[in-house]
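Structure first, then comments.
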Amino acid sequence: MSRMRAVAGSYKVYDGGWKVVDFEMGYFHGWGQVSTEFENGGVTDTIAIVELPDGSIVTPAPGDIRFLDAVEVQQ
């Protein structure tokens, strides 16, 4: 079993307009990608996959999270 890292940060939600929601604690599951299509092409962005304490999943941008714990890296 792998250990999940604790993170804090914010994510955006659309509810008739964009708003930013802050969270103090979540568990980082990994990186993902989201694609948006436009008439003249598309764009792919990297996202973080974060589980909140209530079990919900949010997908903030990488720059919107902060890792709270240190991890020992084997080389």
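Hydrophobic cluster membership of V20, counting Ile, Leu, Val, Met, Phe, Trp and Tyr whose side-chain heavy atoms lie under 4.5 Å apart directly or via other members: none, as it forms a cluster of its own. Hydrophobic cluster membership of W18, counting Ile, Leu, Val, Met, Phe, Trp and Tyr whose side-chain heavy atoms lie under 4.5 Å apart directly or via other members: Y14.
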Less than 3.5 Å apart, which donor and acceptor atoms pair up between the side chains of residues 52-67 and the rest of the protein, not counting sequence neighbours?
unit_1 : atom_1 : unit_2 : atom_2 : d
D54    : OD1    : S56    : N      : 2.9
D54    : OD1    : S56    : OG     : 2.6

Which donor-acceptor pairs under 3.5 Å do side chains of residues 29-43 form with protein atoms, sequence neighbours excluded?
unit_1 : atom_1 : unit_2 : atom_2 : d
H29    : NE2    : E51    : OE1    : 2.8
S35    : OG     : T44    : OG1    : 3.3

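Counting heavy-atom neighbours within 6.0 Å of F28 CZ, excluding the residue itself, gives a total above 12.
Considering only heavy atoms from C-beta on, V50 comes within 4.5 Å of F23 through its side chain.
A6 approaches M25 most closely through the heavy-atom pair CB-SD, 3.9 Å.
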